[in-house]
Protein chains: 2
Amino acid sequence: MNTQPRLTRNQDMVFRVLVDAKTPLSAYTILDQVREFGIRAPLQIYRALDKLQGWGMVHRLESLNAFIACARADCQRHEMVAFAICDKCRHVSEFSDAQVKAHLDNWVGDKEFLANQTAIEIRGTCRACAR
Amino acid sequence: MNTQPRLTRNQDMVFRVLVDAKTPLSAYTILDQVREFGIRAPLQIYRALDKLQGWGMVHRLESLNAFIACARADCQRHEMVAFAICDKCRHVSEFSDAQVKAHLDNWVGDKEFLANQTAIEIRGTCRACAR
DNA sequence: ATTCTTAATGTTATAGCATTACAGTTTTTT
DNA sequence: AAAAAACTGTAATGCTATAACATTAAGAAT
């Protein structure tokens, strides 16, 4: 988890696209939106995403194969983060629960498992879509 | 979450492969192992996996795009399940933590989010690989 | 038993997601 | 200025998943 320098051109473009979209985007969708600025290949997107993830500015949603900008103004804190993903409108709520983190930490501690990264993704229907 | 009838030929083959492998397998890896029995197309695997997942006999590991047989002898109970995945040896520990479940239920309850399915996947290094 | 209905199968083609390999450029450090 | 490190560009390829359509098998009802 590196410390974050100034963004490069590609990184900045990718990040802006994700910030503007309120919804998760696949790498190829991002690509489509930056083609007009000269980016042509998927790898250019994936490389930028890797860096942005490393800095905690972007999260990968494993169950969607998609990416979303970090919801928190200050992207420095990296506690355990969880997502509630609406399967109807694709809205994503990001939250972090200290108690959930504590319990999982506890479990892996017991097993002497060295946790690196944790994905918690709840799929379902948000309140707005539930009617 | 259907009730489970007797397995069909394809379902049975796919399930056996997953039970024998102690480690998660991709759909295409499964396919390779059942080609000799006449299965030729990915879709045949995916269809069997869908059913097996519906019956709780197989879990999908979202962060690996892979599948694993349920670790519990009795595959009927479907509480919230979590996985600790070793990135070195690919060993997967399946566990379920009532307290984690309670906290997440709590959170989604507050938000009036209708949870359907929850993935909790901890990536890291297991004890055996940590030396 | 024959019909009706539903579920599962087989096959081809295609869509969507991600990485390897290699060459070149820019930026930072010394 | 030279060396090292980070980033970029491009093409090719590999892995994951589904759409569409035709067929077959299995179970239920009369």
Side-chain angles (χ1 to χ4, degrees), chain A residues 1-15 17-18 21 23-55 57-68 85 87 90 117 119 121 123, chain B residues 1-18 21 23-55 57-68 87 90 117 119 121 123:
Chain A
M1 207 72 63
N2 244 318
T3 172
Q4 160 197 356
R6 173 168 113 275
L7 296 187
T8 67
R9 177 180 147 78
N10 287 4
Q11 289 160 8
D12 188 59
M13 280 196 289
V14 168
F15 185 58
V17 168
L18 280 176
T23 189
L25 301 179
S26 77
Y28 279 73
T29 303
I30 297 172
L31 176 57
D32 287 340
Q33 297 193 25
V34 295
R35 270 188 210 282
E36 53 177 323
F37 303 114
I39 293 189
R40 296 176 205 189
L43 191 49
Q44 296 173 279
I45 305 296
Y46 283 108
R47 285 199 277 230
L49 287 171
D50 280 349
K51 290 295 177 184
L52 294 167
Q53 281 179 262
W55 299 322
M57 301 170 69
V58 162
H59 301 294
R60 175 184 168 79
L61 298 174
E62 302 287 353
S63 67
L64 293 179
N65 294 329
F67 303 85
I68 194 166
I85 303 166
D87 286 327
R90 282 295 191 243
Q117 213 206 4
E121 300 180 16
R123 302 281 294 264
Chain B
M1 208 74 63
N2 244 317
T3 172
Q4 158 197 356
R6 174 167 114 274
L7 296 187
T8 67
R9 176 180 147 81
N10 288 3
Q11 290 159 7
D12 188 58
M13 280 197 288
V14 168
F15 185 59
R16 281 175 190 283
V17 168
L18 279 175
T23 188
L25 301 180
S26 77
Y28 279 74
T29 302
I30 297 171
L31 176 56
D32 287 341
Q33 297 193 24
V34 295
R35 270 187 210 284
E36 54 176 322
F37 303 113
I39 294 189
R40 296 176 203 191
L43 193 47
Q44 295 174 279
I45 305 297
Y46 283 107
R47 286 198 277 230
L49 288 171
D50 280 349
K51 290 295 178 184
L52 294 167
Q53 281 178 261
W55 298 323
M57 301 171 68
V58 163
H59 301 294
R60 176 185 165 79
L61 298 174
E62 302 288 353
S63 66
L64 293 179
N65 294 328
F67 304 84
I68 194 167
D87 286 327
R90 282 295 190 242
Q117 213 205 3
E121 300 181 16
R123 301 282 294 265

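Just so we're on the same page: letters track the sequence lines, and every chain starts at 1.
Spacing between atom CD1 of A:Ile30 and atom P of C:dC17 amounts to 11 Å, rounded to whole angstrom units. Rounded to a whole Å, the CZ atom of B:Phe37 is 14 Å from the P atom of C:dG10. One can place CZ of A:Arg35 at 17 Å from P of D:dT8, the figure rounded to the nearest angstrom. When rounded to the nearest whole Å, the span between CG of B:Leu61 and P of D:dA17 equals 11 Å. Distance B:Asn10 CG to C:dT11 C1': 13 Å, rounded to the nearest Å. Regarding B:Tyr46, its OH atom lies at a distance of 11 Å from the C1' atom of C:dG16, rounded to whole Å. For the pair A:Gln44 CD and C:dT19 P, the interatomic distance rounds to 15 Å; values are reported in whole Å. Put simply, CG on B:Asp32 is 11 Å from C1' on D:dC15, counting in whole angstrom units.
A donor-acceptor pair is defined here as one N or O able to donate and one able to accept, closer than 3.5 Å; such a pair exists between the side chain of B:Glu121 and the backbone of B:Glu62.
B:Asn65 has its side chain within reach of A:Asn65: a pair of non-hydrogen atoms, C-beta onward, lies under 4.5 Å apart. A heavy-atom distance below 4.5 Å is found between the side chains of B:Leu49 and B:Ile30.
Nearest nucleotide to the side chain of A:Thr8, out of D:dC7, C:dA8, C:dT28: D:dC7. Ranking C:dA18, C:dT9, D:dC7 by closeness to the A:Pro42 side chain, first place goes to C:dA18. Of the candidate nucleotides C:dA8, D:dC7, D:dT10, D:dC7 has the atom lying nearest to any side-chain atom of A:Lys51.
Taking for each of B:Leu64 and B:Leu43 the nucleotide of DNA chain D with the nearest heavy atom, the 5'-most of the two is the partner of B:Leu64. Nearest-nucleotide positions on DNA chain D for A:Ala41 and A:Asn65 put A:Ala41 closer to the 5' end. Nucleotides of DNA chain C nearest to A:Ser26 and A:Arg47 differ in position, and the one nearer the 5' end is that of A:Ser26.
Of the side-chain N and O atoms in A:Arg6, none sit less than 4.0 angstrom from OP1 or OP2 of D:dA6. OP1 or OP2 of D:dT10 has at least one side-chain nitrogen or oxygen of A:Arg40 nearer than 4.0 Å.
If you take CD1 on B:Ile68 and CG on B:Leu61, they are separated by 6.0 Å, rounding to the nearest 0.5 Å.
With hydrogens and angles ignored, a donor-acceptor pair under 3.5 angstrom links the side chain of A:Tyr28 to the base of C:dA18.
Screening B:Ile45, B:Ile39, B:Val34 for a side-chain contact (heavy atoms from CB on, under 4.5 Å) involving B:Asn10 leaves a single residue, B:Ile39.
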